[in-house]
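Below is one structure, written out as structure tokens; comments come after it.
All values below come from the heavy atoms of this structure, side chains included, with hydrogens, waters and symmetry mates left out. Proteins come first, then strands; the chains are lettered A, B, ... in the order of their sequence lines, and each starts at number 1.
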Protein chains: 2
Amino acid sequence: MSVSDFEQRRKRILELIIEAYVASAAPVGSEYVSKKLRSSLSPATIRNIMVDLEEAGLLEQPHTSAGRVPTDRGYRYYVDAVMDVHHLPQEELRQMAALIEPPELDVEELLERSGEALSQLTQQAAFVVAPTVKQSTMKQVELVPLGVRKILCVMVANEEIVSSSVVEVTEPMTRDEAAALARFMTTELAGLPFGGLLESLERRMLAQSDSFYHLVKRSLDILQHALSTEPEERLLLEGASYVIAQPEFLRDPRKAQELLRGLDAEDVLLQRLRQDAGGEGVRVRIGREVQVPGLDECSYLTASFAIHDEAIGGLGVLGPRRMDYRRMRALVEGMSRCVTDVLSRWERESS
Amino acid sequence: MSVSDFEQRRKRILELIIEAYVASAAPVGSEYVSKKLRSSLSPATIRNIMVDLEEAGLLEQPHTSAGRVPTDRGYRYYVDAVMDVHHLPQEELRQMAALIEPPELDVEELLERSGEALSQLTQQAAFVVAPTVKQSTMKQVELVPLGVRKILCVMVANEEIVSSSVVEVTEPMTRDEAAALARFMTTELAGLPFGGLLESLERRMLAQSDSFYHLVKRSLDILQHALSTEPEERLLLEGASYVIAQPEFLRDPRKAQELLRGLDAEDVLLQRLRQDAGGEGVRVRIGREVQVPGLDECSYLTASFAIHDEAIGGLGVLGPRRMDYRRMRALVEGMSRCVTDVLSRWERESS
DNA sequence: ATTAGCACTCTATTTTACTGAGTGCTAACA
DNA sequence: TGTTAGCACTCAGTAAAATAGAGTGCTAAT
């Protein structure tokens, strides 16, 4: 028997064990696997292979006389090298898009709906890392005087992402002054990424004491406040109850509590998710790879959604390590496609 | 012994039982109560009174040979007629205000921080029913053309509450047209409650086919879309893990799951909370009174916060029925005061 | 009206025994 | 050399039985 055949067989058996364990939440024994293979191999042989897989760190035994359970590394190997990639058929994608598209052009609601739908479809917790202007590029500024010394600063990143915040200024400003200043800011700053806005203005202020000094100073004042109010990113989280309902958590209330703690600390979770939510395709984090306190018994999958081929946010699914990665992958990928499609359709229709 | 003395004694004993149960989460026996009363009454006497209280529906026994546990009605009676009302001292209120006041004038963040602080202080779940323009009165409209047929519609309710949404219009609009229309809308609609805005415009359109017909029609178009995008209210929820950590839920994972389900269905919860979050003072809902599926083993307290003496939102605490209502009442009241104070201080400072 | 005394009830805990799934190992086999 | 039957062994999970003890309700005395 060739080495490749040998490897094939190990993969097949790992696959069977993982799929059975995902379905049943109970350790998987050699007899079950043997039967599934239509008796092409006896339980004893399976056991030998299982020992191999265990030594390779892909499986483990909860106790001496139990079946096997996948380890983090086992799942990882399964995800990377064993499971076949499944894509949702066009038809389902269309249904999904219809499900999540809100009656009005409203990114916020589109994302909320995506989260809800994803959570429903996967029966897991779903999350959306929603974009804010800060990741994006400045396009336009508007200033609206509200009270005596309050102005509303509206910053437009693109047609879909708008930020508005109330800023208090030291000296009152007339409507016309505000309009002029806004025009100045727009011409000066349009095209620049939000990240470098303040630095750019500061540099300008130092460099030349020109006739615009006053305008630059005022712009800087306002932007500083407006940007400090703006969050980096927002996290929408939906369907934690699905995860709690999984047997691993029902059996052990402490784990349930830990899970909730982890999800409650949104900042930490968000911090971690943004690292993965940017790139191409679907990323998978398994168990300890998650690296978030309280969530080390969980896994998540992320994918990004984009406008103009540029990723502006991410979405995904979070659940127990024991999840159907194949299906989850397909659904997360599908949903990210859907959101991207709807966004770009909006873009197209309105131009 | 007078009837009043009799009643006093019953109250005292109910109080002791509830307070002991709140602290220990275990049924309370007659001996414990007797000891707490410095042996002014023997356990046997206490038992007689306990039978009374049980017949009155204020206590119940988990089983024949256990101590007593308060019923919903028992807690209700305690809250309404037994416990003394406690107010936070000025000093603590000041500390609280310092804790929640964000570095920038930003209602959103003020409310988020209030929720977090309240959750921390009470070690329960905390919620904030955040205001949106829809509850309020129109003050000003601005229209900013974005794309070809997209305009940003900014509606100001007061200096703190601003709504902005992207609206798609059928015919393109120049900057000047937009400015004119916004001016028209502001003069026409300022002072009207958002609720009646559309009706008011519709009436006007029917009544007179004046020279403004076109402007009215355009206003209506835009407002319809802008308002439909705007949510009625938003719910911030913080610290669910504190509640899950309570022994009643740790002991029984099913109850934990039910709880999570209830909290996950934000719409239902929000719907219920807004009913209570408007009025004066602190409201308490206990157990089945909560009337939200999945949360019938919980209680919540709400209070409102206001600008210009008008309630614009609510906040409160949600936890197991077995909670320290006295302390919770004081903290919820204090937090609502704090938020109201900070808001009105902002108002004052900027005028 | 209050209380001491006591039998009684019922949960929770511990103990013990038992079952059975699944393993690892050995020896035989192809 | 890979595969397999056979078998002793391990160990979680369950059930049954015994025990402890907290707390009650009732009665009769004060």
Ignoring hydrogens and angles, write down the donor-acceptor pairs under 3.5 Å from the side chains of residues 46-58 of chain B, residues two or more places apart or on other chains.
{"unit_1": "B:Arg47", "atom_1": "NH1", "unit_2": "B:Ser30", "atom_2": "OG", "d": "3.2"}
{"unit_1": "B:Glu54", "atom_1": "OE1", "unit_2": "B:Arg68", "atom_2": "NE", "d": "3.1"}
{"unit_1": "B:Glu54", "atom_1": "OE1", "unit_2": "B:Arg68", "atom_2": "NH2", "d": "2.7"}

Side chain to side chain donor-acceptor pair (under 3.5 Å) partners of [X], counting only residues at least two apart:
{"X": "B:Asp324", "answer": "none"}
{"X": "A:His86", "answer": "none"}
{"X": "B:Thr71", "answer": "none"}

Separation of D:dT4 P from A:Ile46 CD1 (nearest whole Å) | 9 Å

Quick one: B:Phe6 CZ to C:dT2 C1', roughly how many Å, whole number?
->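 Rounded to the whole Å, the gap is 12 Å.
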
Name all residues meeting the side-chain contact (heavy atoms from CB on, under 4.5 Å) criterion together with B:Arg12; count only those two or more places apart in sequence or in a different chain, and write none if there are none.
-> B:Glu15, B:Leu16, B:Leu37

Determine, stepwise, if the pair A:Gln124 / A:Tyr300 fulfils side-chain hydrogen bond (donor to acceptor under 3.5 Å, both in side chains).
-> CA-CA 10 Å; A:Gln124 308 280 3; A:Tyr300 67 82; over 6 Å; no

Should A:Glu333 and A:Arg329 count as an ion pair when the cut-off is N to O under 4.0 Å?
-> yes

Can you list, by residue number, the residues of residues 20-35 of chain B that have a non-hydrogen atom closer than 4.0 angstrom to DNA chain D?
-> B:Gly29, B:Ser30

In residues 49-61 of chain B, which residues come under 4.0 Å of DNA chain D by heavy atom?
-> B:Met50, B:Val51, B:Gln61

Overall bend - the helix from C:dA1-D:dT30 to C:dA30-D:dT1, comparing terminal axes fitted on five pairs, nearest 10 degrees | 30°

OP1, OP2 of C:dT2 versus side-chain N and O of B:Arg9: anything below 4.0 Å?
->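 It does, given that an N or O in the side chain of B:Arg9 lies less than 4.0 Å from OP1 or OP2 of C:dT2.
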
Between the protein and nucleotides 25-30 of chain C, which nitrogen or oxygen pairs come in under 3.5 angstrom?
none

Just jot down the ring-ring contact (aromatic ring centres under 6.0 Å, His included) partners of A:Tyr325, sequence neighbours excluded, or say none.
-> A:Tyr75

Throw together a table of side-chain donor-acceptor distances under 3.5 angstrom for residues 285-292 of chain B, partners on residues two or more places apart or in other chains.
{"unit_1": "B:Arg285", "atom_1": "NE", "unit_2": "B:Asp276", "atom_2": "OD1", "d": "3.3"}
{"unit_1": "B:Arg285", "atom_1": "NE", "unit_2": "B:Asp276", "atom_2": "OD2", "d": "3.0"}
{"unit_1": "B:Arg285", "atom_1": "NH2", "unit_2": "B:Asp276", "atom_2": "OD1", "d": "2.9"}
{"unit_1": "B:Glu289", "atom_1": "OE1", "unit_2": "B:Arg76", "atom_2": "NH2", "d": "2.6"}
{"unit_1": "B:Glu289", "atom_1": "OE1", "unit_2": "B:Ile286", "atom_2": "N", "d": "3.0"}
{"unit_1": "B:Glu289", "atom_1": "OE2", "unit_2": "B:Arg76", "atom_2": "NE", "d": "3.1"}

N/O-N/O pairs, protein side and nucleotides 10-13 of chain D side, under 3.5 Å:
{"unit_1": "D:dT10", "atom_1": "O2", "unit_2": "A:Ser65", "atom_2": "OG", "d": "3.2"}
{"unit_1": "D:dC11", "atom_1": "OP1", "unit_2": "A:Thr64", "atom_2": "OG1", "d": "3.3"}
{"unit_1": "D:dC11", "atom_1": "O2", "unit_2": "A:Ser65", "atom_2": "OG", "d": "3.4"}

